[in-house]
Amino acid sequence: MPELPEVETMRRGVARVTGAIIQDALAFDFGYKPIRITPSIGRLRQRVRGRKIVDVDRIGKRVLLRLDNQAALVFEPRMTGIVLIADPPNQIHLRFQLKLEKPKGNIFFWDRRGLGSVRLLTASQQQQELGPAKLGPDALLITAEQMQERLGASRRAIKAALLDQRVLAGVGNLYASELLHLARVHPARRCDRLTRRQWSLIHQAMNAILEEAIRYEGSTLSDGAYRNALNQDGGYQNCHRVYDREGEACLTCQTGKIQRIVQSQRSTFFCPHCQTKRPARAVG
DNA sequence: CATATGTCCTGAGAGC
DNA sequence: TGCTCTCAGGACATAT
């Protein structure tokens, strides 16, 4: 499930084609339900042919190809989508392809489950679709103070709140568990019960985990869906402290057994020993 | 308004 | 072995 580290890894790989010209755009379905492509592939094709890719960006969990007319192609991987410049893992789940020239090459969007999308957005559409009404600050750019401002009065559980892309963009289910473990905060703790110190710890842990995961090029889970832009595995799955480790010993305290709970229909993993449910004690 | 739940989609894995 | 069933969770739609 591509979250910020996986999408950032794809972005870095795809950035190699910066400067290339788009020769053509193709959509595929191979008998599956087609993914969402907007506008229609015919219109999109007309509008991107001959355009130069001037930059490759990331906003939250999306990859943006910025074109020389201020438009951007926005790839949204959701559960199993990936953006590659090397040949994808197979052909049947190939959903979209850009043929490039000067120099020759390709960008592929491959998506096993087909929940992802490709959208061509004008500058004003980008403001609408990627602006503050839809997406909060990027998880690597938001400050601890901003997080507390945005969530400090919320009654939601911190784990669920971290997944809300309108609050901050980039954290998903896997890294939410990982970062709360590093911050030693219980995932069910209500936001409005967190102290300023805990917000600071969460913020610090979030940056540390996301940056570490980027260094390892993201997490390739057992389904093998996530690959980097060159169709290679990530390495961070071997570093998970809690995710998908139910019943195993906590690597940090060697005492607790990792527990799995369900929050908003999603699995959360945590160490009951490191991440106590009790509120932080008042100091002094 | 804030928060919670249902839905989409395919393939892996469990159980029989 | 092959069938059926459940589950995985990103973002959005709909419900409370």
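This is a predicted model, so every value here is computed, not measured. In what follows, chains are A, B, ... by sequence order, proteins preceding strands, each numbered from 1.
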Minimum-distance nucleotide (side-chain atoms of [X] versus [options]):
X        : options               : value
A:Tyr32  : B:dT3, B:dT10, C:dG10 : B:dT10
A:Arg112 : B:dC8, C:dA11, B:dG11 : B:dG11
A:Met1   : B:dC9, B:dT5, C:dG9   : C:dG9
A:Met79  : C:dA11, C:dG9, B:dT10 : C:dG9
A:His93  : C:dG9, C:dA11, B:dG11 : B:dG11

Inset, instruction - Check if the side chain of A:Arg266 and the base of C:dG10 share a donor-acceptor pair of N or O atoms closer than 3.5 Å. - result: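 It does, because a donor-acceptor pair links the side chain of A:Arg266 to the base of C:dG10 below 3.5 Å.
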
Would you mind classifying the nucleic acid contact of [X] as base, sugar-phosphate or nothing, using non-hydrogen atoms under 4.0 angstrom?
X        : answer
A:Arg119 : nothing
A:Thr80  : nothing
A:Asp223 : nothing
A:Ser154 : sugar-phosphate
A:Tyr243 : sugar-phosphate
A:Arg156 : sugar-phosphate
A:Gly172 : sugar-phosphate

Inset, instruction - Considering non-hydrogen atoms only, spot the tightest contact between A:Phe109 and A:Phe75 and give its length. - result: CD1-CD2, 3.6 Å

Legend entry - A:Ser222 vs A:Arg155, nearer the 5' end of DNA chain B by closest nucleotide: A:Arg155

Within this structure, what is the [atom1]-to-[atom2] distance between [X] and [N], rounded to whole angstrom?
X        : N      : atom1 : atom2 : answer
A:Leu130 : C:dA11 : CG    : C1'   : 13 Å
A:Leu163 : B:dT5  : CG    : C1'   : 15 Å
A:Gln237 : C:dA8  : CD    : C1'   : 17 Å
A:Leu115 : B:dG11 : CG    : P     : 12 Å
A:Asp164 : C:dG9  : CG    : P     : 17 Å

Inset, instruction - Ignoring backbone atoms, test whether A:Arg190 places a side-chain nitrogen or oxygen under 4.0 Å from the OP1 or OP2 oxygen of B:dA2. - result: no

Inset, instruction - Answer yes or no: does a side-chain N or O of A:Ser267 lie under 4.0 Å from OP1 or OP2 of C:dG9? - result: yes

